[in-house]
Engineer: 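What follows is a structure written as structure tokens; I'll ask about it next.
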There are 2 protein chains.
Amino acid sequence: MILRLNQSSGIPLYLQLMEQVKHAVETGALRSGDQLPTIRKLAEDLVMNPNTVARAYRELEHEGIIELRHGSGAFISESLAGVTKVTRKVQAVMQSAVERLVAAGLTGDEIRRLLENELAVLRDAKRLQGAEHE
Amino acid sequence: MILRLNQSSGIPLYLQLMEQVKHAVETGALRSGDQLPTIRKLAEDLVMNPNTVARAYRELEHEGIIELRHGSGAFISESLAGVTKVTRKVQAVMQSAVERLVAAGLTGDEIRRLLENELAVLRDAKRLQGAEHE
DNA sequence: CCAAGTGTGCTAGTTAGTTAATACACTACA
DNA sequence: TGTAGTGTATTAACTAACTAGCACACTTGG
């Protein structure tokens, strides 16, 4: 598995790392039990501070994507077995929607706004049902 | 038209203002030619610095949503006439997709990631066609 | 032509987020 | 059992974004 960084993109390095690991998991390039590069090793390869890699790993663990074992290393979680299949179906839904929107001439930003509006509507609806807003 | 702010949400005030103006335009609460509140007036009503309102207005102008006239005030652009009808259709596409995804148990964040992935795929596809990345 | 009301520009203070430096604690294995 | 390799924790420097203060410039209407 190959990880790359874009130092000048303005996107935080630790987020770039998280994104790439997630994407690798979703596409199947990384599977449950696979070991990730060591914090120090990866930091050296990418010429960055180990703390930054550590932060990416820590947050990935918090999201349940990976598992950190103290003296051993970082591994893809075991509980992600059936996830990819569901992901495929769900991806199809989003893909079809995005294709139609792009065909209608919308830009990425406009599509994002559309989604945010829709999510806002749902939040409002929930609030009216008496649910707590997180 | 009523504008409100959430001081403690962590979302920048000027973005909250922009969002609400955009939403009002999309829902038809504001129409082409309508005058918006004065920068100072709105700043006073909402207990914030006029510069923050000015920033929101400036960026809305840059996006073509409103038009600023120096000694006069701020007005909704004239060129937004047919926009809302297209918006309706396009909203329906997104709404249907989001409903299905929520029904599948996905959270807002997960749906956002799904969209970002899809947009990334499109960007990559375009790049391979030789198009320039903005 | 003047005065009140409008948007504009420049500058600085404040804050939150990101990254880096350094020292610590746990685990595997010879 | 000790040592090399792993993740962890604390602190500080750096950076970018947001907001505010204050002075300027344009327009309208009397």
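Side-chain atoms are counted along with the backbone in the values below, which use heavy atoms only and exclude waters and symmetry mates. In what follows, chains carry the letters A, B, and so on, assigned in the order in which the sequence lines appear, proteins first and then strands, with residues in each chain numbered from 1.
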Engineer: Between dT19(D), dG7(D), dT6(C), spot the one nearest the side chain of T38(B), thanks.
Structural biologist: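 The answer is dT6(C), which lies nearest to the side chain.
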Engineer: Rounded off to whole Å, could you give me the CZ-to-P distance for the R69(B) and dG7(C) pair?
Structural biologist: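 Taking atom P of dG7(C) as the reference, CZ of R69(B) is at 11 Å.
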Engineer: Please report, rounded to the nearest Å, how far the P atom of dT14(C) is from the CG atom of N51(B).
Structural biologist: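 Rounding to the nearest Å, CG of N51(B) and P of dT14(C) are 16 Å apart.
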Engineer: Ignoring hydrogens and geometry beyond distance, is the side chain of R40(B) in donor-acceptor contact with the base of dG5(C) at under 3.5 Å?
Structural biologist: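 Side chain to base: no pair below 3.5 Å.
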Engineer: Side-chain N or O of S72(B) versus OP1/OP2 of dT28(D): is the shortest distance under 4.0 Å?
Structural biologist: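 Indeed, a polar side-chain atom of S72(B) lies that close.
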Engineer: Could you state the interatomic distance from CG (L46(B)) to CG (L17(B)), rounded to the nearest 0.5 Å?
Structural biologist: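 So the gap between those two atoms works out to 6.5 Å.
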Engineer: In whole Å, I'd like the distance from the CZ atom of R55(B) to the C1' atom of dA16(D).
Structural biologist: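 Roughly 11 Å, once rounded to whole Å.
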Engineer: Report yes or no: do E99(A) and Q95(A) form a side-chain donor-acceptor pair below 3.5 Å?
Structural biologist: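 Yes, Q95(A) and E99(A) have a side-chain donor paired with an acceptor closer than 3.5 Å.
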Engineer: Under 4.0 Å, heavy atoms only, any strand: does R58(B) hit a base, just the sugar-phosphate, or nothing?
Structural biologist: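 Nothing: the residue R58(B), judged by heavy atoms under 4.0 Å, touches no strand.
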Engineer: Distance from N51(B) atom CG to R58(B) atom CZ, nearest 0.5 Å?
Structural biologist: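 Result: 8.0 Å between the selected atoms.
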Engineer: When the distance from CG of L68(A) to C1' of dA9(D) is rounded to whole Å, what number comes out?
Structural biologist: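 It is 14 Å, rounded to the nearest whole Å.
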Engineer: So which one's nearest nucleotide on DNA chain C is more toward 5', I39(B) or G71(A)?
Structural biologist: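 Counting from the 5' end, the first nearest nucleotide belongs to I39(B).
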Engineer: Do N117(A) and E26(B) meet the criterion of a side-chain donor-acceptor pair at a distance under 3.5 Å?
Structural biologist: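 Yes, E26(B) and N117(A) have a side-chain donor paired with an acceptor closer than 3.5 Å.
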Engineer: With nearest nucleotide decided by heavy atoms, which residue, Q35(A) or L15(B), maps closer to the 5′ end of DNA chain D?
Structural biologist: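 Taking each residue's closest nucleotide, the earlier one in sequence belongs to Q35(A).
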Engineer: Is any side-chain N or O of Y14(A) closer than 4.0 Å to OP1 or OP2 of dT19(C)?
Structural biologist: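 Result: no.
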Engineer: What is the distance, rounded to the nearest whole Å, between atom CG of N49(A) and atom C1' of dA23(C)?
Structural biologist: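 It works out to 13 Å between those atoms.
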Engineer: If I take atom NE2 in residue H70(A) and atom C1' in nucleotide dA9(D), what distance separates them, rounded to the nearest angstrom?
Structural biologist: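 Distance, rounded to whole Å: 10 Å.
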Engineer: What integer distance in Å separates E61(B):CD from dT8(C):P?
Structural biologist: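 Answer to the nearest Å: 6 Å.
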Engineer: Starting at atom CG of L46(A), determine the distance to atom C1' of dT19(C), rounded to an integer number of angstrom.
Structural biologist: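 Whole-Å distance recorded here is 15 Å.
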Engineer: Hey, is CD on Q35(A) packed in by over 12 heavy atoms from elsewhere, all under 6.0 Å?
Structural biologist: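 Enclosed.
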